[in-house]
Colleague: 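Dumping the structure here so I can ask a few things about it.
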Amino acid sequence: MKVRELYREQERLARKAVFYDAFGKLKYVAGIDCSYYEDLIIGGAVVIDLNTLEPIEKAHVLLKLDFPYIPGLLAYREANAMISAFKKLDTVVDVLMIDGFGTNHPRRCGIATQIGVRLEMPSIGVGKSFLCGDIGDDGYVYQGAERTGKLIYSPRSKKPIYVSPGHRISLETSVELVKKCMKSGRIPEPTRLAHEYVTGVKNTLR
DNA sequence: GCGACAG
DNA sequence: ATCTTGTCGC
(Lines give C-alpha, C1' and ligand atoms only; values in the text may rest on other atoms or scores of the structure.)
Protein backbone atom coordinates (compact mmCIF):
# COMPACT_ATOMS: atom_id res chain seq x y z
CA MET A 1 0.00 0.00 0.00
CA LYS A 2 1.17 3.52 -0.70
CA VAL A 3 2.19 5.93 2.01
CA ARG A 4 -0.58 8.40 1.30
CA GLU A 5 -3.17 5.65 1.57
CA LEU A 6 -1.78 4.64 4.94
CA TYR A 7 -1.97 8.29 5.97
CA ARG A 8 -5.66 8.27 5.13
CA GLU A 9 -6.17 5.07 7.05
CA GLN A 10 -4.50 6.69 10.08
CA GLU A 11 -6.80 9.69 9.81
CA ARG A 12 -9.76 7.34 9.71
CA LEU A 13 -8.55 5.37 12.75
CA ALA A 14 -7.82 8.58 14.63
CA ARG A 15 -11.49 9.54 14.36
CA LYS A 16 -12.42 6.37 16.24
CA ALA A 17 -10.22 7.13 19.23
CA VAL A 18 -11.81 8.57 22.37
CA PHE A 19 -10.06 10.23 25.29
CA TYR A 20 -12.24 9.68 28.30
CA ASP A 21 -11.68 6.97 30.92
CA ALA A 22 -13.68 3.98 29.68
CA PHE A 23 -12.92 1.55 32.48
CA GLY A 24 -13.48 0.78 36.15
CA LYS A 25 -10.86 -0.07 38.69
CA LEU A 26 -7.44 -0.74 37.22
CA LYS A 27 -5.33 -3.65 38.37
CA TYR A 28 -3.38 -5.13 35.48
CA VAL A 29 -1.25 -3.12 33.05
CA ALA A 30 0.47 -4.75 30.08
CA GLY A 31 3.73 -3.16 28.92
CA ILE A 32 4.36 -3.83 25.22
CA ASP A 33 7.52 -3.45 23.17
CA CYS A 34 9.53 -5.17 20.45
CA SER A 35 13.08 -5.75 19.25
CA TYR A 36 14.66 -6.97 16.03
CA TYR A 37 16.91 -9.82 15.02
CA GLU A 38 17.94 -10.20 11.39
CA ASP A 39 14.67 -10.39 9.43
CA LEU A 40 12.55 -11.07 12.51
CA ILE A 41 10.63 -8.83 14.85
CA ILE A 42 10.15 -9.96 18.44
CA GLY A 43 6.96 -8.67 20.04
CA GLY A 44 6.63 -8.96 23.80
CA ALA A 45 4.08 -8.21 26.53
CA VAL A 46 4.61 -8.13 30.29
CA VAL A 47 1.70 -7.86 32.71
CA ILE A 48 2.29 -5.80 35.85
CA ASP A 49 0.18 -5.69 38.98
CA LEU A 50 -0.47 -2.01 39.67
CA ASN A 51 -0.35 -2.53 43.41
CA THR A 52 3.13 -4.05 43.48
CA LEU A 53 4.55 -3.06 40.08
CA GLU A 54 5.77 -6.65 39.88
CA PRO A 55 5.45 -8.74 36.69
CA ILE A 56 2.96 -11.61 36.83
CA GLU A 57 2.93 -12.87 33.24
CA LYS A 58 4.92 -12.57 30.02
CA ALA A 59 4.40 -13.65 26.41
CA HIS A 60 6.27 -13.09 23.18
CA VAL A 61 6.06 -13.89 19.49
CA LEU A 62 8.40 -13.93 16.50
CA LEU A 63 7.25 -12.63 13.12
CA LYS A 64 8.90 -11.88 9.80
CA LEU A 65 9.55 -8.18 9.26
CA ASP A 66 7.39 -7.00 6.38
CA PHE A 67 7.44 -3.22 6.55
CA PRO A 68 10.28 -0.64 6.72
CA TYR A 69 10.73 2.00 9.36
CA ILE A 70 9.07 5.17 8.17
CA PRO A 71 8.63 8.04 10.65
CA GLY A 72 4.92 8.45 11.38
CA LEU A 73 4.12 4.92 10.19
CA LEU A 74 5.79 2.94 12.97
CA ALA A 75 2.62 0.99 13.70
CA TYR A 76 2.70 -0.68 10.29
CA ARG A 77 6.07 -2.15 11.24
CA GLU A 78 5.50 -3.06 14.88
CA ALA A 79 1.80 -3.29 15.77
CA ASN A 80 1.15 -6.82 14.52
CA ALA A 81 3.97 -8.30 16.59
CA MET A 82 2.85 -6.38 19.65
CA ILE A 83 -0.78 -7.40 19.25
CA SER A 84 0.12 -11.06 18.65
CA ALA A 85 2.20 -11.14 21.82
CA PHE A 86 -0.57 -9.48 23.79
CA LYS A 87 -3.12 -12.05 22.61
CA LYS A 88 -1.03 -14.89 24.02
CA LEU A 89 -1.55 -13.60 27.56
CA ASP A 90 -3.99 -15.39 29.85
CA THR A 91 -4.44 -12.45 32.21
CA VAL A 92 -7.41 -10.15 31.62
CA VAL A 93 -5.55 -6.86 31.15
CA ASP A 94 -7.09 -3.47 31.98
CA VAL A 95 -4.82 -1.09 30.10
CA LEU A 96 -1.90 -1.19 27.67
CA MET A 97 1.28 0.84 27.99
CA ILE A 98 3.06 1.00 24.66
CA ASP A 99 6.53 2.08 23.57
CA GLY A 100 5.73 4.96 21.24
CA PHE A 101 3.10 7.69 20.92
CA GLY A 102 -0.68 7.86 21.08
CA THR A 103 -2.62 10.91 19.93
CA ASN A 104 0.53 13.06 19.97
CA HIS A 105 1.28 12.23 16.37
CA PRO A 106 1.24 14.12 13.02
CA ARG A 107 -2.13 12.56 12.12
CA ARG A 108 -3.16 11.94 15.73
CA CYS A 109 -2.69 8.22 15.25
CA GLY A 110 0.49 6.88 16.84
CA ILE A 111 1.05 3.19 17.48
CA ALA A 112 -0.69 3.31 20.87
CA THR A 113 -3.81 4.71 19.21
CA GLN A 114 -3.73 2.17 16.40
CA ILE A 115 -3.36 -0.75 18.79
CA GLY A 116 -5.94 0.63 21.22
CA VAL A 117 -8.54 1.09 18.48
CA ARG A 118 -7.84 -2.29 16.89
CA LEU A 119 -8.21 -4.07 20.24
CA GLU A 120 -10.89 -1.69 21.56
CA MET A 121 -8.84 -1.32 24.72
CA PRO A 122 -7.51 1.55 26.84
CA SER A 123 -3.96 2.33 25.73
CA ILE A 124 -1.22 4.81 26.61
CA GLY A 125 1.78 5.84 24.54
CA VAL A 126 5.14 6.29 26.24
CA GLY A 127 7.68 7.91 23.90
CA LYS A 128 11.37 8.30 24.67
CA SER A 129 12.11 11.16 22.30
CA PHE A 130 10.23 14.08 20.80
CA LEU A 131 7.98 13.45 17.81
CA CYS A 132 5.83 16.49 17.03
CA GLY A 133 3.84 19.38 18.43
CA ASP A 134 4.79 22.39 20.53
CA ILE A 135 6.05 22.08 24.06
CA GLY A 136 4.49 24.64 26.40
CA ASP A 137 6.01 26.12 29.53
CA ASP A 138 3.47 24.01 31.40
CA GLY A 139 5.10 20.80 30.18
CA TYR A 140 2.22 19.86 27.91
CA VAL A 141 2.59 19.13 24.21
CA TYR A 142 0.17 21.17 22.09
CA GLN A 143 -1.04 20.47 18.58
CA GLY A 144 -2.98 23.58 17.76
CA ALA A 145 -5.09 24.37 20.79
CA GLU A 146 -5.21 20.77 21.97
CA ARG A 147 -3.07 19.15 24.60
CA THR A 148 -2.00 15.84 23.07
CA GLY A 149 0.78 14.86 25.44
CA LYS A 150 2.88 15.72 28.45
CA LEU A 151 6.55 15.59 29.35
CA ILE A 152 7.38 13.61 32.45
CA TYR A 153 10.73 13.88 34.19
CA SER A 154 11.88 11.15 36.52
CA PRO A 155 13.70 12.46 39.63
CA ARG A 156 17.21 12.29 38.19
CA SER A 157 17.25 12.17 34.42
CA LYS A 158 17.46 15.32 32.39
CA LYS A 159 15.63 13.69 29.48
CA PRO A 160 11.84 13.49 29.75
CA ILE A 161 9.51 10.82 28.47
CA TYR A 162 6.48 11.80 26.41
CA VAL A 163 3.12 10.52 27.58
CA SER A 164 0.08 10.63 25.32
CA PRO A 165 -3.23 8.76 25.48
CA GLY A 166 -3.91 6.18 22.80
CA HIS A 167 -7.57 5.27 23.20
CA ARG A 168 -10.29 5.09 25.87
CA ILE A 169 -8.29 7.08 28.42
CA SER A 170 -7.72 10.75 29.18
CA LEU A 171 -4.40 12.55 29.09
CA GLU A 172 -4.72 13.32 32.80
CA THR A 173 -5.30 9.69 33.76
CA SER A 174 -2.53 8.55 31.40
CA VAL A 175 -0.04 10.82 33.15
CA GLU A 176 -1.29 9.72 36.56
CA LEU A 177 -0.94 6.04 35.65
CA VAL A 178 2.53 6.43 34.15
CA LYS A 179 3.69 8.24 37.27
CA LYS A 180 2.25 5.49 39.41
CA CYS A 181 4.30 2.96 37.42
CA MET A 182 7.58 4.84 37.91
CA LYS A 183 10.17 3.14 40.05
CA SER A 184 13.83 4.01 39.79
CA GLY A 185 14.56 4.55 36.12
CA ARG A 186 13.45 7.01 33.49
CA ILE A 187 10.98 4.52 31.98
CA PRO A 188 7.84 3.28 33.76
CA GLU A 189 7.95 -0.39 34.80
CA PRO A 190 5.53 -1.86 32.23
CA THR A 191 7.44 -0.73 29.13
CA ARG A 192 10.81 -0.98 30.84
CA LEU A 193 10.20 -4.63 31.69
CA ALA A 194 8.73 -5.32 28.24
CA HIS A 195 11.88 -3.90 26.65
CA GLU A 196 14.10 -5.94 28.96
CA TYR A 197 12.05 -9.01 28.10
CA VAL A 198 12.23 -8.74 24.30
CA THR A 199 15.96 -7.98 24.30
CA GLY A 200 16.38 -11.05 26.48
CA VAL A 201 14.48 -13.17 23.97
CA LYS A 202 16.62 -11.77 21.17
CA ASN A 203 19.85 -12.72 22.93
CA THR A 204 18.46 -16.24 23.02
CA LEU A 205 18.44 -16.36 19.21
CA ARG A 206 22.18 -15.84 18.89
C1' DG B 1 11.09 24.35 -1.84
C1' DC B 2 12.44 23.78 3.43
C1' DG B 3 12.35 21.49 7.76
C1' DA B 4 10.77 17.59 10.94
C1' DC B 5 10.75 12.86 11.53
C1' DA B 6 8.46 7.54 17.52
C1' DG B 7 11.29 2.67 17.05
C1' DA C 1 15.76 -0.26 16.56
C1' DT C 2 20.83 -2.15 15.76
C1' DC C 3 26.20 -2.32 15.45
C1' DT C 4 29.77 -1.87 20.03
C1' DT C 5 34.55 -0.64 24.61
C1' DG C 6 35.50 1.67 27.72
C1' DT C 7 34.14 4.74 31.02
C1' DC C 8 31.92 8.44 34.10
C1' DG C 9 29.10 8.46 38.20
C1' DC C 10 26.08 6.94 42.13
Colleague: From CZ of A/F67 over to P of B/dG7, roughly how many Å is that when rounded to an integer?
Modeller: 17 Å
Colleague: Considering non-hydrogen atoms only, spot the tightest contact between A/M182 and A/L53 and give its length.
Modeller: O-CD1, 4.3 Å
Colleague: Going by atom types alone, do A/Y36 and A/E78 pair a side-chain donor with an acceptor below 3.5 Å?
Modeller: yes
Colleague: With a 4.0 Å heavy-atom cut-off, tell me which residues in residues 124-135 of chain A come close to DNA chain C, sorted by residue number.
Modeller: A/K128
Colleague: Take the protein atom CD of A/E78 and the nucleotide atom C1' of C/dA1, then report the distance between them rounded to whole Å.
Modeller: 7 Å
Colleague: Go through residues 7-20 of chain A and report each residue with a non-hydrogen atom lying under 4.0 Å from DNA chain C, sorted by number.
Modeller: none
Colleague: Can a donor-acceptor pair be found between the side chains of A/T191 and A/D33 at a distance below 3.5 Å?
Modeller: no
Colleague: Give the rounded distance in Å between these two atoms: CD1 of A/I32 and P of B/dG7.
Modeller: 16 Å
Colleague: Please report, rounded to the nearest Å, how far the C1' atom of C/dT2 is from the CG atom of A/L65.
Modeller: 12 Å
Colleague: Over all strands shown, is A/L73 touching base, sugar-phosphate only, or nothing at heavy-atom distances under 4.0 angstrom?
Modeller: base
Colleague: Indicate whether any N or O donor in one side chain lies under 3.5 Å from an N or O acceptor in the other, for A/Y142 and A/R147.
Modeller: yes
Colleague: Under a 3.5 Å cutoff, is there a donor and acceptor pairing between the side chains of A/Y7 and A/R12?
Modeller: no
Colleague: Expressed as a whole number of angstroms, how long is the span from A/I70:CD1 to C/dA1:C1'?
Modeller: 15 Å
Colleague: Would you say NZ of A/K16 has more than 12 non-hydrogen atoms from neighbouring residues, nucleotides or ligands within 6.0 angstrom?
Modeller: no
Colleague: Using a heavy-atom cut-off of 4.0 Å across all strands, would you classify A/I111 as base, sugar-phosphate, or nothing?
Modeller: base
Colleague: For DNA chain C, determine which residues of residues 173-206 of chain A have any heavy atom closer than 4.0 angstrom to one of its atoms, and list them numerically.
Modeller: A/H195, A/K202, A/R206
Colleague: Please tell me if A/Y69 has a side-chain N or O lying less than 4.0 Å from either OP1 or OP2 of B/dA6.
Modeller: yes
Colleague: Answer yes or no on whether A/K202 is positioned over the face of A/Y37, meaning its NZ or CZ is under 6.0 Å from the six-membered ring centre and within 45° of the axis.
Modeller: no
Colleague: I need the CZ-C1' distance between A/R108 and B/dA6, as an integer number of Å.
Modeller: 16 Å
Colleague: Taking C-beta and beyond as the side chain, do A/P160 and A/Y162 meet within less than 4.5 Å on heavy atoms?
Modeller: yes
Colleague: What residue among A/R108, A/H105, A/Q143 forms side chain to side chain donor-acceptor pair (under 3.5 Å) with A/T148?
Modeller: A/Q143
Colleague: What is the distance, rounded to the nearest whole Å, between atom CZ of A/R77 and atom C1' of C/dA1?
Modeller: 7 Å
Colleague: Determine yes or no for a side-chain-to-main-chain donor-acceptor pair under 3.5 angstrom, with A/S123 supplying the side chain and A/A112 the backbone.
Modeller: yes
Colleague: When you match A/R156 and A/Y36 each to their closest nucleotide on DNA chain C, which lands nearer the 5' end?
Modeller: A/Y36
Colleague: Measure the distance from CD on A/Q143 to P on B/dA4 and round it to the nearest whole Å.
Modeller: 17 Å
Colleague: Do A/H167 and A/E120 have side-chain atoms, one donor and one acceptor, less than 3.5 Å apart?
Modeller: yes
Colleague: Does a donor on one side chain sit under 3.5 Å from an acceptor on the other, for A/E146 and A/Y140?
Modeller: no
